[in-house]
Number of protein chains: 2
Amino acid sequence: MLTIGTLSKKTGTKVQTIRYYEQIGLMPEPGRTEGGQRRYDNAQLDRLSFIRHSRQLGFSLDAIRELLDLSDHPNRPCHEADAIARRQLKQVEQRMARLKALRTELKRMVHECSGGRTGDCKVLEVLRDHSECLTEHEEIGV
Amino acid sequence: MLTIGTLSKKTGTKVQTIRYYEQIGLMPEPGRTEGGQRRYDNAQLDRLSFIRHSRQLGFSLDAIRELLDLSDHPNRPCHEADAIARRQLKQVEQRMARLKALRTELKRMVHECSGGRTGDCKVLEVLRDHSECLTEHEEIGV
DNA sequence: GATACATCCTCTAGCCGCTAGAGGTTCAAG
DNA sequence: CTTGAACCTCTAGCGGCTAGAGGATGTATC
């Protein structure tokens with residue numbers, strides 16, 4: 001029987017986060033002591049590890065919900081899990097491509113900064129005038 | 001004199017977002033018509049373009065606040081702007097490194113999926129057992 | 001001058017994935 | 001039996017928007 005604190009330490013998840021996962025139905029409601037404190041078993045520890053590891057690989061909580069569901073039904077065909085992972089891979093590759101373009105632009109900005117006054121600063125100039133950019137980078141928030 | 005809708009179209013910023021920027025003090029309070037509608041001038045259009053372009057390059061609203069401040073004072077030395085850009089560059093590079101590791105792992109997962117039942121699915125297996133990973137990827141949320 | 005209707009206004013609440021804190025209770029060791 | 005660490009619930013906040021309700025304004029056309 002594990003307390004929430006033990007689970008927290010074993011998985012590197014904050015206590016509040018574990019309770020949050022329970023609240024949104026990602027973790028099942030655990031047993032309780034007479035006094036009302038949560039007690040977990042090893043199955044629940046495994047489940048939380050799965051969740052955390054998936055988060056580290058960038059899966060959204062919704063995707064994890066699906067993956068957990070698939071994991072709970074070992075006889076179903078696994079192409080769905082595969083599809084989710086492929087989707088995630090694609091997203092990661094898109095993000096990388098975008099970051100690469102940003103890096104190019106930032107490098108150029110920093111490189112061309114003369115170190116003089118802000119009035120002549122290449123960094124600020126580029127920010128002011130998108131046409132000085134070599135790449136397009138329309139989407140915000142990646 | 002530009003309406004908020006015109007500003008929105010010209011910069012690709014949603015109307016609500018412009019009002020939000022005003023609310024948090026990133027955009028100045030514009031003039032108003034008698035009826036109370038916002039009217040902007042070209043200086044404000046430039047400012048919004050600066051903000052949006054900076055967002056596209058991944059700067060946080062706080063960083064943009066600093067950059068705008070520097071941009072407003074052309075006689076100051078520009079090493080601060082340079083430092084902010086370098087910081088951003090560093091962050092982008094860190095994210096890229098992390099994404100690269102994730103990509104490796106995801107590729108391997110997807111590649112090893114046999115296409116059978118979920119019970120034997122490599123994707124789910126890897127998620128279950130971190131020790132099957134080649135790389136460490138501890139941080140969440142990049 | 002009247003009417004239509006697109007655009008504007010304010011306000012509140014929601015998104016994701018947590019995180020923090022207040023204020024109070026329970027558990028386990030000594 | 002006392003201490004004090006760990007637990008409990010509840011509410012609110014983070015960044016950076018986004019959506020919708022419910023109503024007012026502005027402009028083009030008749």
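Convention: sequence-line order gives letters A, B, ...; per-chain numbering from 1.
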Exercise for the section: Figure out the CD1/P separation between A/I64 and C/dC16, and round it to whole Å. Expected result: 13 Å

Problem - Length of the CG-P vector between A/D62 and C/dC15, whole Å - result: 11 Å

Exercise for the section: Using only heavy-atom distances, determine whether the side chains of A/E105 and A/T135 contain a donor-acceptor pair under 3.5 Å. Expected result: yes

Practice task
Tell me which nucleotide among C/dC27, C/dC18, D/dG16 gets nearest to the side chain of B/Y20.
Solution key: D/dG16

Problem - Main-chain N/O of A/L124 paired with B/S71 side-chain donor or acceptor, under 3.5 Å - result: no

Problem - Phosphate OP1/OP2 of D/dG16: any B/K14 side-chain N/O under 4.0 Å - result: no

Practice task
Whole angstrom is fine here: how far is it from CG in A/L57 over to C1' in C/dG17?
Solution key: 17 Å

Completion exercise
Contacts satisfying side chain to side chain donor-acceptor pair (under 3.5 Å) that involve residues 81-90 of chain A (not counting sequence neighbours) are A/D82-A/R86

Fill in the blank from the handout: Here the distance between atom C1' of C/dA28 and atom CE of A/M1, to the nearest Å, is 17 Å

Completion exercise
Quick tally for nucleotides 1-13 of chain C: nucleotides whose base has a protein heavy atom under 4.0 Å get B, sugar-phosphate-only ones S, the rest -, giving -------SSB---

Exercise for the section: Mark yes or no for whether A/R117, through its side chain, and A/C121, through its backbone, hold a donor-acceptor pair below 3.5 Å. Expected result: no

Handout entry: side-chain N/O B/Y21 vs D/dC17 OP1/OP2, d < 4.0 Å
Key = yes

Practice task
Take atom CD1 of A/I18 and atom P of C/dT19, then tell me their distance rounded to the nearest Å.
Solution key: 11 Å

Exercise for the section: Measure the distance from CD on A/E29 to C1' on D/dC8 and round it to the nearest whole Å. Expected result: 14 Å

Practice task
Please determine if a side-chain N or O atom of B/T17 lies less than 4.0 Å away from the OP1 or OP2 oxygen of D/dT18.
Solution key: yes

Problem - B/D62 side chain to B/S60 side chain, donor-acceptor N/O pair below 3.5 angstrom - result: no

Practice task
Round to a whole Å and report the spacing from CG of A/L2 to P of C/dC27.
Solution key: 16 Å

Handout entry: Pair B/R52-B/Y21, side-chain donor/acceptor within less than 3.5 Å
Key = yes

Fill in the blank from the handout: Regarding the side chain of A/T33, the nearest nucleotide among C/dC27, D/dC17, C/dC18 is C/dC27

Practice task
Pick base, sugar-phosphate or nothing for B/R65, based on heavy-atom distances below 4.0 Å to the nucleic acid.
Solution key: nothing

Problem - Flag for B/Q16-B/R19: side-chain donor and acceptor within less than 3.5 Å - result: yes

